[in-house]
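Take a look at the structure below.
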Amino acid sequence: MEQLTEKLQGILSKSKSIVFFGGAGVSTESGIPDFRSADGLYNQKYDVPPETMLSHEYFFSHTEEFYRFYRDKMLCLDKKPNAAHKKLAKWEAAGRLTAVVTQNIDGLHQAAGSKTVYELHGSVHRNYCRSCHKSYDAEYILNSDGVPRCSCGGLIKPDVVLYGEQLDDYTVTKALEAISACDTLIVAGTSLTVYPAAGFISYFGGQNLVLINRDPTPFDGRADLVIHGKVGEILGSMV
Ligand code: NAD
């Protein structure tokens, strides 16, 4: 492990523009469960699978049940950024990192101070009325009972990309621009099984593709450096 982290430090020290591409594993060290680990949400017992509950179809057909699950499992508003979020924000402020591309919806990169964050799957912190487009914060959703309603009576929907929904065009374009232009891409805390996000790695044309993940991923063979470990611990130890 020490040799691998030394190699990572060597790569980072020489990099002029780093982009970070992350997933749910980036926030597990903040206490937010991921989906596909052994202790992740997909391995807990539910009458309806989480993939179904987090779908576009289910949101509109079972709105109350959707919100029960969403409030309970997806709204982790008391969680704080960990060492990975903080180090990335520090590198951006120092001009070493150009963007964070994330599949996460928890807003912890911004809470740590990151500015250029492309949230491929949206954010729990943005919520809009389906009728009049008035916006609401996550606390409003958490503290409302049943189905959250707008002052106009309209249904409020989180700005989160549910299964069966398309990614936002602008966010995708900016994320791909950043990934194509950087010299080092760090991919971390993602099983790389959710598409189209996982396919974004193919747009990288720089020198160093670094993969940091607790479990092996289908992309391990394509990376210049693979470290199987905890992203917070590893990035936290880098300068
Ligand atoms: P995933 O659950 O499919 O995979 C997470 C991966 O992270 C696993 O391979 C696991 O080995 C690894 N991992 C877990 N903890 C780690 C750590 N501390 N250090 C390094 N690796 C670690 O997650 P995914 O690939 O991001 O796809 C799941 C989808 O679920 C995403 O679209 C995401 O939007 C959503 N999601 C988001 C959150 C969040 O916002 N925090 C939480 C759960 C799920």
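Both ligands and their constituent atoms are indexed starting at 1 by order of listing.
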Donor-acceptor pair between Gln103 and Thr190 side chains, under 3.5 angstrom: yes
Heavy-atom contact check, 4.0 Å cutoff: does Ala84 meet ligand 1? no
Below 3.5 angstrom, do we get any N/O pair linking Phe35 and ligand 1? yes
Go through the side-chain N and O atoms of Ser30 and Asn82 and say whether any donor and acceptor fall under 3.5 Å apart. yes
Counting from 1 in the order shown, the ligand 1 atoms closer than 4.0 Å to a non-hydrogen atom of Gly23 are 26 (O)
What atoms in ligand 1 come closer than 4.0 Å to a heavy atom of Glu29? 17 (C), 18 (N), 19 (N)
Any idea which atoms of ligand 1 are less than 4.0 Å away from a heavy-atom of Ala24? 23 (O), 24 (P), 26 (O), 36 (N), 38 (C), 42 (C), 43 (C), 44 (C)
What's the shortest heavy-atom distance between Leu155 and Phe59, and which atoms? CD2-CE2, 3.8 Å
For Gly189, the ligand 1 atoms whose distance to one of its heavy atoms is below 4.0 Å: 5 (C), 6 (C), 7 (O), 21 (N)
Near Asp215 (heavy-atom distance under 4.0 Å), the atoms of ligand 1 are 10 (C), 11 (O)
Backbone N or O of Leu108 within a donor-acceptor pair of the Asp106 side chain at under 3.5 Å? yes
Report yes or no: does Asp159 contribute a side-chain atom to a donor-acceptor pair with the main-chain N or O of Ser123 at less than 3.5 Å? no
At less than 4.0 angstrom from any non-hydrogen atom of Thr190, what atoms of ligand 1 do you find? 6 (C), 7 (O), 24 (P), 25 (O)
With the threshold set at under 4.0 angstrom, would you say Ser30 reaches ligand 1 through any of its heavy atoms? no
